[in-house]
Amino acid sequence: MSDFDAAFGFSLREAEELISFYESNARLVGCSAAVGRKYQIAASWRGTMWNVYPELLDSNHKLIVESVIATGFPRAIDIPPQRKLFIFRTELGLLGIFELGGAATLALSSPSESDERVRLRHQAMHDALTGLPNRRQFSDDLDSRLPVQGGERLALMQIDLDDFKPVNDTLGHAAGDLVLQGTAERLQGLLRTGDIAYRLAGDEFAVIQRSGWPMEAELLAGSIVNAFKEPFTIEGIDVFVGASVGIALAPEHGNDGEQLMKAADIALYAAKNDGRGRARSFNRSMLIMLEQREMLRRSLRVALQERQFFLEYQPLVESNAIVGFEALLRWQHPYAGTVPPSLFIPMAEADGLMGEIGEWALDQACRQAVTWPEHFTVAVNLSPAEFLRKGLTDRIARTLDAAGLPPERLELEITESVLLERTINNLDTLHTLEVLGVKISLDDFGTQYSSLAYLKNFPFDTIKIDRYFIKDVETDDKSQTIVRAIIALAHGLGMRVTAEGVETADQANWLRNQGCDRLQGNLFSAPIPAGSMEKFLRQIVHGEPIELRLS
């Protein structure tokens with residue numbers, strides 16, 4: 001049993017403690033010399049837990065054993081007249097039994113002290129909620145198994161839950177805790193002997209797979225993803241929480257803990273970036289893409305000072321006439337070219353830069369709008385990071401005053417995600433903007449949480465239907481039903497409706513027939529650079545032909 005001894009760091013056969021280890025099927029896989037002498041059957045390869053300790057076949061004792069296997073929490077069993085068994089689960093996924101009393105000579109002052117030490121050690125190395133080993137145990141286990149040598153293999157899987165935050169936000173933290181406990185159970189149910197699952201933090205989990213050949217690792221990761229396609233049932237409600245998995249293999253992707261963790265993190269990022277609910281194995285191209293993103297992130301810090309940002313304006317059309325424009329933020333990187341907002345805005349938010357960038361965009365849009373005919377409005381997007389910053393309403397009021405733009409000509413677009421935090425403060429902010437005279441639009445409606453409570457409690461002027469529902473609205477019955485419902489709901493609450501992403505005349509005609517108030521999209525005009533706005537507006541004022549295909 002040399003491999004087994006090495007894993008535990010001592011010679012098991014020479015140990016004088018009464019200690020033995022078993023697989024989940026109760027087969028004996030290792031025991032100390034003291035156990036071998038006391039229980040002759042233990043020396044046989046056919047030995048089982050029930051041969052060594054037949055007392056555990058008692059139904060109550062058997063339930064305790066099963067509990068330790070399922071939860072990882074150690075338990076103690078008293079065996080009359082003077083024996084006590086400490087049953088625990090090892091980091092290798094095996095079941096261990098310490099025996100106290102009789103010939104046992106553990107280096108502990110008393111059974112009660114040994115019980116307390118085992119309990120405290122378990123608490124230090126395990127997650128209290130799920131019973132899984134924690135990050136500290138994970139780090140120890142990973143370091144002890146690396147570097148792999150010879151023909152040994154190891155796979156590390158980083159696992160993040162998808163859409164877990166909405167569970168906490170909508171159903172409460174108690175429901176979230178039940179999902180995390182269910183996650184631990186699902187992971188453990190997929191593992192083989194020797195594989196170990198860990199809870200690292202929050203909704204982050206990991207698995208160390210001992211015989212981590214590529215095919216075996218991909219099969220396990222695929223099983224994990226598939227296991228989370230089934231809902232969790234919380235108080236009769238089906239809750240869908242997916243899983244994304246990043247796979248790294250030793251020694252191919254790294255042969256120390258830091259290297260392997262970095263590779264698994266990069267693979268996990270790729271899985272999430274590809275749409276979540278999937279597994280990805282690390283490859284070098286992922287590292288190149290990540291390095292490019294980091295280059296862009298560093299460049300963001302100087303982009304504002306070097307005037308690399310600019311605005312474009314897309315018309316908003318109502319009753320066959322342009323009534324305003326939406327300001328769209330763009331970034332012209334000196335080497336990478338035009339960087340999509342979907343890429344750089346999350347970076348700016350994560351790095352705390354979006355507040356300054358957003359202030360610049362609002363100021364530029366307001367100063368541009370002042371030069372337009374006074375019946376045109378300008379719509380400006382507010383990111384969650386901007387909305388949640390203190391002093392938002394004061395900054396907007398100062399910007400309007402400095403530009404000389406009447407508040408009623410400004411429309412601020414926010415997404416539902418900004419309403420999930422600090423609800424009372426958000427409501428106060430929106431009401432203050434309403435008093436100021438600024439219009440508020442709820443952007444991308446229907447793609448996130450779509451809580452009707454928001455529409456009842458927050459003073460929106462406009463709801464914008466996301467382009468996802470518009471792209472096939474003239475042919476798809478489901479999209480039509482959803483769009484009709486949104487239009488009827490908004491009008492019933494006294495709100496206007498804007499459809500974005502209108503690309504065809506059929507889409508425009510269908511939306512107008514359903515009573516949609518405003519349309520926006522490339523059918524009418526692509527976004528217009530700020531330098532071309534004067535010419536565009538002159539065409540409108542003088543009745544010159546422009547690219548508005550409204551019939």
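All figures in this text were calculated on a predicted structure; none of them were measured in a lab.
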- Note on the structure: Applied to residues 219-228, the salt bridge (charged side-chain N to carboxylate O under 4.0 Å, His left out) test, sequence neighbours excluded, yields none
- For residues 307-330, which residue pairs qualify under salt bridge (charged side-chain N to carboxylate O under 4.0 Å, His left out), counting only residues two or more places apart or in two chains? Glu312-Arg330, Glu318-Arg496, Glu326-Lys464
- Is a salt bridge present between Asp160 and Arg276, judged by a nitrogen-to-oxygen distance below 4.0 Å? no
- Query: Can a donor-acceptor pair be found between the side chains of Asn381 and Glu386 at a distance below 3.5 Å?
  - Reply: no
- Lys229 side chain near Val225 side chain, heavy-atom distance below 4.5 Å: yes
- Indicate yes or no: does Asp162 engage Lys272 in a salt bridge with an N to O separation below 4.0 Å. yes
- Audit row: Phe344, Phe309, ring-ring contact (aromatic ring centres under 6.0 Å, His included) steps and yes/no: CA-CA 11 Å; Phe344 74 79; Phe309 292 112; 5.7 Å; yes
- Item | Glu356, CD atom: more than 12 neighbouring heavy atoms under 6.0 Å | no
- Atom CD of Gln305: over 12 foreign heavy atoms under 6.0 Å: yes
For residues 177-184, run the donor-acceptor check on the side chains, cut-off 3.5 Å, and write out each pair with its distance to 0.1 Å, sequence neighbours left out.
residue, atom, partner, partner atom, Å
Gln181, NE2, Leu129, O, 3.3
Thr183, OG1, Val179, O, 2.8

- More than 12 non-hydrogen atoms from neighbouring residues, nucleotides or ligands closer than 6.0 Å to CD on Glu534, yes or no? no
- Message: Any carboxylate oxygen within less than 4.0 angstrom of a Lys/Arg side-chain nitrogen, looking at Arg199 and Asp127?
- Response: yes
- Query: Has the side chain of Arg186 got a donor or acceptor atom that lies under 3.5 Å from a matching backbone atom of Ile224?
  - Reply: no
